[in-house]
Amino acid sequence: MRLIICEKDNAAKRISDILSNGHFKTEKRGRVPVYLFVWENERTVTLGLRGHIINMDFPKSYNNWSAVDPIELIDVKPERMVSAKGIASVLSSLAKEADRVYVATDYDREGELIGKEAVEYAFGSGQLEKAMRAHFSSLTPDEIRRSFSSLGRMDLHLASAAETRQIVDLVWGAALTRFISLASGRLGHDFLSVGRVQSPTLALIVNREKEISAFVPEPYFRIEALLGRDGLDFEAAHVEGDIFDQGKAKEIFSKVKDAKEGVIIDVKERERTDRPPVPFNTTQFIRAANNLSLSAARIMSIAEDLYTNGYISYPRTDNTVYPRDLDLRKTVDSLAKGPYMEAASHILSKEKITATRGSKQTTDHPPIYPTAFATKAELGRERFKIYDLVVRRFLATLHDPCRVKVTSVRTDINGETFTSSGIRIISPGWRSVYTMSVVKEKELPPLEKGVRVKVEEISLLDKETKPPRRFSQGGLIQEMERLGLGTKSTRHEIIQKLYSRRYIEESPPRPTLSGSALIDALEKHARMITEPDMTSRLERDMERIANRELTQDAVVMESREMLRKVLRTMEKEKAAIGRDIASALKEQDVVGKCPRCSNDLLLVRSKWGKRYVRCSRFPGCSKSYPLPQKGKITFSGNICEVCRSPMMTLYSRGKRPREVCINPACPGKRAGTGGSEGEKGKNIKGSS
DNA sequence: GCAAGGTC
């Protein structure tokens with residue numbers, strides 16, 4: 001029997017379908033589907049893994065953070081452990097029957113390692129040389145058949161490069177995570193994490209926030225006028241635009257402030273062509289969907305759901321060029337219904353459909369595009385928003401350019417020049433379907449050289465320069481991509497991790513006190529881990545391992561020595577690092593004043609992970625409050641008027657946030673004057 | 001209870 005191993009179930013099914021010409025049988029082994037068919041007269045079974053089935057970790061004896069000096073971890077050899085037990089046991093039972101094994105995981109570094117792990121686990125490392133490897137760049141019949149008729153061998157050097165990354169990430173991540181957590185006394189549920197990708201990402205947010213708070217606004221002036229002609233008003237601005245010299249601004253303004261009339265100097269018209277947008281890769285998709293006010297992680301989980309249900313293509317891709325074998329016409333044709341009818345028909349009416357191309361072309365997956373038509377009723381509101389975005393973007397990439405007429409007018413007012421512009425869409429082209437991108441039209445009255453216009457209003461505006469903006473989640477993902485941090489599959493998860501560690505809050509994300517304190521400490525004592533260079537350097541080394549110019553051992557050894565130096569210097573500063581972080585954390589955890597002794601009340605976690613509030617003077621003062629264990633809570637600093645306890649804001653899905661007293665025994669609640677009981681009553685009434 | 005990377 002032949003065994004084909006794929007990276008995921010979806011690919012396994014597709015490959016079985018292609019190699020068997022549709023004559024395959026699906027069987028479930030427990031909860032794991034496998035696909036059986038006859039290929040070249042031999043019984044064949046295909047299994048889809050779920051990515052990595054092996055994870056690297058330290059031996060159990062190093063599990064106790066308090067008993068192991070983090071510096072010891074540097075020289076511990078990580079172990080491989082099965083992380084997907086169900087799949088692994090199906091794999092080994094299939095391996096008993098198989099006499100030949102074919103690796104058909106994704107054709108990239110991680111795919112090579114995923115395949116190697118599976119073969120090694122099921123057949124032993126002796127079989128690695130014998131395994132056949134299919135190299136394909138898309139799951140299309142031609143490509144799959146080609147790859148299975150020209151099989152190669154596994155590239156163990158490529159797999160070794162991926163393994164090197166695993167080791168380096170684990171050793172640095174675990175050692176620094178433990179060191180920082182121990183130094184600041186944060187153990188158990190509230191540990192502080194450090195990593196090659198998460199820490200530079202957090203540093204981006206923290207440093208942007210520093211720029212914002214250090215920003216000194218600079219005053220400037222603008223002179224703007226409202227002009228009129230034939231009963232139609234239009235705006236004009238002084239040609240100098242932003243004027244930073246107050247004397248100059250006042251001088252110009254005094255010349256024009258009493259003007260009643262202006263004269264048109266000239267009118268210029270030109271046509272602008274806005275090219276359609278390029279196909280969606282993951283980053284641009286998240287950026288666009290981020291405007292629908294969803295978190296990056298939520299967007300990706302909806303996309304995953306749409307993908308597994310067959311509505312859109314694979315959502316994790318860097319590619320921005322449709323592959324040649326994607327049948328654009330057929331895809332458009334399948335969408336020519338409902339709200340997409342008009343755009344789709346227009347595209348189909350073209351003799352040749354041409355698509356825009358982005359600057360990144362890869363061969364692993366196509367850009368994100370719709371694979372089936374669906375309605376809002378089928379998908380529900382939220383899923384439809386994402387699906388609709390993908391469909392409209394896809395159609396836009398095949399549509400016509402948008403043509404815009406831009407009119408520039410110069411007007412003389414008492415010897416000063418003012419400019420105005422008119423914007424009119426001649427033909428909307430792709431914008432008729434990609435309604436997320438809007439050009440604001442501006443109307444001008446009919447004007448020509450020498451025409452007199454009325455000055456309706458003229459003003460000197462006081463302005464201030466603005467600080468740089470915070471990163472949106474989408475903007476952050478784009479910046480991470482630019483810096484080479486993380487991958488298409490992990491960037492959104494990294495951001496989510498920063499939220500769950502309470503390093504950042506709100507959206508757009510802002511650093512918390514602990515997030516800032518952590519970055520301050522790391523930048524001071526372990527700068528390397530906060531910079532994207534660590535990733536680019538690792539990338540270079542991995543490339544050289546794959547090319548046989550370097551060995552895994554050499555890279556890992558050098559990395560270990562570097563970490564040893566870092567930890568040794570940090571060890572000397574341990575007390576100071578701990579103090580800095582701990583004091584920020586303490587400040588962050590203060591939720592109000594104790595009504596009994598007026599010391600700080602702290603948000604804390606018990607040994608078992610339960611959150612509650614207690615007095616900072618504990619055990620001297622025993623005041624404490626239980627908290628709801630689920631859902632997000634924030635503390636505004638407000639105090640309950642009835643019992644003087646702090647108020648908290650509860651956020652639950654699908655409901656409006658509500659502010660209630662944290663004291664479950666608050667007399668205000670029983671009386672129904674704004675406590676949670678009263679609120680509950682309202683909600684029940686509202687929903688029935 | 002540590003990372004980051006696949007995948008669900």
Side-chain angles (χ1 to χ4, degrees), chain A residues 6-12 31-33 47-60 62-68 70 72-74 76 78 83-84 86-88 105-106 108-118 159 161-182 186-201 297 300-309 314-316 364-365 480 484-498 500-501 529 534-535 538-539 542 559 563 605 607-609:
Chain A
C6 302
E7 188 154 325
K8 42 190 169 279
D9 175 58
N10 227 294
R31 289 168 54 193
V32 181
L47 169 68
L49 306 173
R50 255 147 50 188
H52 288 287
I53 59 165
I54 306 283
N55 188 35
M56 249 191 221
D57 207 347
F58 288 117
K60 276 207 166 63
Y62 293 88
N63 272 358
N64 186 341
W65 292 26
S66 309
V68 178
E72 272 185 55
L73 293 177
I74 296 176
V76 178
S83 54
I87 299 252
T105 49
D106 289 0
D108 55 29
R109 195 163 56 211
E110 293 296 329
E112 206 67 26
L113 178 55
I114 290 167
K116 185 201 158 194
E117 287 164 0
E163 232 170 45
T164 306
R165 180 201 57 70
Q166 289 187 326
I167 298 169
V168 170
D169 279 340
L170 175 64
V171 174
W172 277 77
L176 287 174
T177 292
R178 289 191 190 186
F179 179 90
I180 289 283
S181 298
L182 285 162
R186 281 265 155 162
L187 293 175
H189 200 281
D190 287 324
F191 72 94
L192 300 171
S193 61
V194 178
R196 170 179 59 83
V197 177
Q198 60 172 279
S199 297
T201 303
M300 286 308 285
S301 108
I302 294 171
E304 182 68 36
D305 178 72
L306 290 170
Y307 159 67
T308 49
N309 286 296
Y314 191 65
R316 292 181 280 275
D364 48 354
H365 301 288
M480 291 170 76
L485 294 172
T487 71
K488 55 199 189 281
S489 318
T490 59
R491 291 185 192 112
H492 64 277
E493 295 172 356
I494 294 282
I495 295 177
Q496 216 47 37
K497 185 171 276 183
L498 297 179
S500 66
R501 298 276 190 263
I529 195 78
M534 182 143 173
T535 294
L538 187 60
E539 279 293 334
M542 282 195 289
S559 177
L563 177 60
R605 280 190 187 274
K607 246 187 253 171
W608 304 276

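These figures come from a predicted structure and were not determined experimentally. The sequence lines fix the lettering, A, B, ..., with proteins before strands; numbering per chain opens at 1.
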What nucleic acid atoms does [X] come within less than 4.0 Å of, heavy atoms only: base, sugar-phosphate, or nothing?
{"X": "A/Arg178", "value": "base"}
{"X": "A/Asn55", "value": "base"}
{"X": "A/Val171", "value": "nothing"}
{"X": "A/Leu73", "value": "nothing"}
{"X": "A/Gln166", "value": "base"}
{"X": "A/Phe179", "value": "nothing"}
{"X": "A/Glu493", "value": "base"}
{"X": "A/Ser489", "value": "base"}

Taking the side chain as every heavy atom from C-beta outward, state whether A/Glu163 and A/Met56 have any atom pair closer than 4.5 Å.
->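 Touching, per the 4.5 Å side-chain cut-off.
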Whichever of A/Asn64 and A/Lys488 has its nearest DNA chain B nucleotide further upstream toward 5' |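 Here A/Asn64 is the residue nearer the 5' end.
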Given atom [atom1] of [X] and atom [atom2] of [N], what is their separation to the nearest angstrom?
{"X": "A/Leu49", "N": "B/dG5", "atom1": "CG", "atom2": "P", "answer": "20 Å"}
{"X": "A/Ile87", "N": "B/dT7", "atom1": "CD1", "atom2": "P", "answer": "13 Å"}
{"X": "A/Lys8", "N": "B/dT7", "atom1": "NZ", "atom2": "P", "answer": "4 Å"}
{"X": "A/Ile167", "N": "B/dA3", "atom1": "CD1", "atom2": "C1'", "answer": "13 Å"}
{"X": "A/Gln198", "N": "B/dG5", "atom1": "CD", "atom2": "P", "answer": "11 Å"}

Around A/Tyr62, counting heavy atoms of other residues, nucleotides and ligands shown, do more than 12 lie under 6.0 Å from its OH?
-> no
Hey, is A/Phe191 stacking on B/dG1? Ring centres under 5.5 Å, planes under 30°.
-> no
